[in-house]
Amino acid sequence: MRTRKLATLLAGAALAASTTLVVGAAPASAAGPCGSSYSRVGVYPISRGDGTRTGTLEVYYSSSARKNCALTYGYGPYANTTSWKRVTISRGDGSGEDTNAGQFKYYAGPVYVSAPGQCIDVAGTVPGWVTRELNNVHCD
C-alpha cells in the first residue's frame, strides 16, 4: 500500500513539475526577439536587383530602454535554412555600431543601439551579396 501511495505521489509531482515548466516557458516566447519591452517599428524586404526577395530586415524600439534593435531573417530559399545573414545597426552619425553576421539558420541579430534624439542606420544582408540599407530612419 505504501508503494502505491509513493508512486501516486511521485507521478503527481512529475505532472506538476512538467506543468510548471510549460507555464514557465510561455512568457519567454511572448517576449519577442529583442525582449519584452520592444515593439516592431519597421519591416523591410531585402531583394535582389530583379526584385526577387531574399530576406527581411526588422527594426524594433523600446521606449523604456530607449534603444533600437534589429534582426535579419531569410526569405524564400533562405528561410529556415543555414545561409549567410548579417545585420548592422548604428546611430545616424555611424557611431555605436553593432553587427552580427555568419551562417545562421533563422536570423542574424538581435543587435542594439541607443540613439536618443538621433536617427539610426540599419542594414540587412541575405545571402552574402544582397543588402538593404536604410540611413537616418526611426528618429527618436
Side-chain angles (χ1 to χ4, degrees):
M1 195 69 169
R2 285 182 123 174
T3 305
R4 181 177 288 164
K5 284 184 181 179
L6 181 59
T8 302
L9 180 64
L10 290 173
L15 178 61
S18 67
T19 302
T20 302
L21 290 175
V22 171
V23 171
S29 63
C34 296
S36 61
S37 67
Y38 286 82
S39 298
R40 189 168 52 197
V41 294
V43 179
Y44 306 97
I46 300 169
S47 302
R48 295 181 180 145
D50 66 2
T52 303
R53 188 168 167 188
T54 59
T56 303
L57 173 62
E58 290 189 357
V59 179
Y60 293 78
Y61 181 73
S62 168
S63 57
S64 60
R66 299 207 54 184
K67 287 185 176 184
N68 288 92
C69 168
L71 297 101
T72 298
Y73 293 88
Y75 184 86
Y78 304 102
N80 305 320
T81 184
T82 302
S83 60
W84 178 260
K85 296 173 179 74
R86 180 178 197 258
V87 63
T88 299
I89 192 169
S90 68
R91 292 181 199 95
D93 64 7
S95 65
E97 183 177 296
D98 189 9
T99 298
N100 185 235
Q103 295 287 331
F104 299 114
K105 184 170 184 177
Y106 300 109
Y107 57 85
V111 292
Y112 300 86
V113 69
S114 177
Q118 298 181 47
C119 303
I120 62 168
D121 294 344
V122 291
T125 303
V126 180
W129 62 89
V130 183
T131 299
R132 174 81 185 257
E133 293 182 16
L134 300 165
N135 295 312
N136 294 309
V137 295
H138 301 289
C139 304
D140 184 22

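This chain uses plain numbering: 1 for the first residue, then up along the sequence.
Expressed to the nearest 0.5 Å, how far OH of Tyr106 lies from OG1 of Thr82 amounts to 8.5 Å. The NE2 atom of His138 sits 15.0 Å away from the CD atom of Gln118 when rounded to the nearest 0.5 Å. With rounding to the nearest 0.5 Å, the separation of NZ in Lys85 from OG1 in Thr72 is 9.5 Å. The structure places SG of Cys69 at 6.0 Å from OH of Tyr38, a figure rounded to the nearest 0.5 Å. The CG atom of Asp50 lies 8.5 Å from the OG atom of Ser47; values are rounded to the nearest 0.5 Å. Rounding to the nearest 0.5 Å places CD1 of Ile89 at 10.5 Å from CD of Glu97.
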Next item on the list: Show your reasoning for whether side chain to side chain contact (heavy atoms under 4.5 Å, CB included) applies to Thr99 and Val87.
Entry: CA-CA 6 Å; Thr99 298; Val87 63; over 6 Å; no
Next item on the list: Test Ser64 against Arg66 for side chain to side chain donor-acceptor pair (under 3.5 Å), laying out the working first.
Entry: CA-CA 5 Å; Ser64 60; Arg66 299 207 54 184; over 6 Å; no
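Grouping the Ile, Leu, Val, Met, Phe, Trp and Tyr side chains by contacts below 4.5 angstrom, directly or via other members, places Val59 with Ile46. Leu71 and Val111 fall into different hydrophobic clusters, where Ile, Leu, Val, Met, Phe, Trp and Tyr residues are linked whenever their side-chain heavy atoms come under 4.5 Å apart, directly or through other members. Side-chain heavy atoms closer than 4.5 Å link hydrophobic residues (I, L, V, M, F, W, Y) into clusters, and following such links, even through other members, never connects Phe104 to Val126. The hydrophobic clustering, which links ILVMFWY residues whose side-chain heavy atoms are closer than 4.5 Å, places Trp84 and Val130 apart. Under the 4.5 Å side-chain contact rule for hydrophobic residues, Tyr107 and Tyr44 do not share a cluster.
In the model, Arg91 has a side-chain atom that pairs as donor or acceptor with a side-chain atom of Ser95 under 3.5 Å.
Using cut-offs of 30° and 60° for the angle between ring planes, the Tyr78 and Trp129 rings count as perpendicular.
Here the closest heavy-atom approach between residue Leu57 and residue Gly124 is recorded as CD2-N, 3.9 Å. Scanning all heavy atoms of the two residues, the minimum distance from Tyr61 to Val41 falls at CB-CG1, 4.0 Å.
Here the side chains of Arg86 and Asn100 are not in contact, with every heavy-atom distance at 4.5 Å or above. At least one side-chain heavy atom of Asp121 sits less than 4.5 Å from a side-chain heavy atom of Asn136. No side-chain heavy atom of Pro110 sits less than 4.5 Å from a side-chain heavy atom of Pro33. For the pair Pro45 and Arg132, the minimum side-chain heavy-atom distance is below 4.5 Å.
In this structure a side-chain-to-backbone donor-acceptor pair under 3.5 Å is missing from Lys67 to Val113. At distances below 3.5 Å, not a single donor-acceptor pair connects side-chain atoms of Thr131 with backbone N or O atoms of Thr125.
A search for salt bridge (charged side-chain N to carboxylate O under 4.0 Å, His left out) contacts involving Arg53 returns nothing, not counting sequence neighbours.
Heavy atoms of other residues, nucleotides or ligands lying less than 6.0 angstrom from OH of Tyr112 number more than 12.
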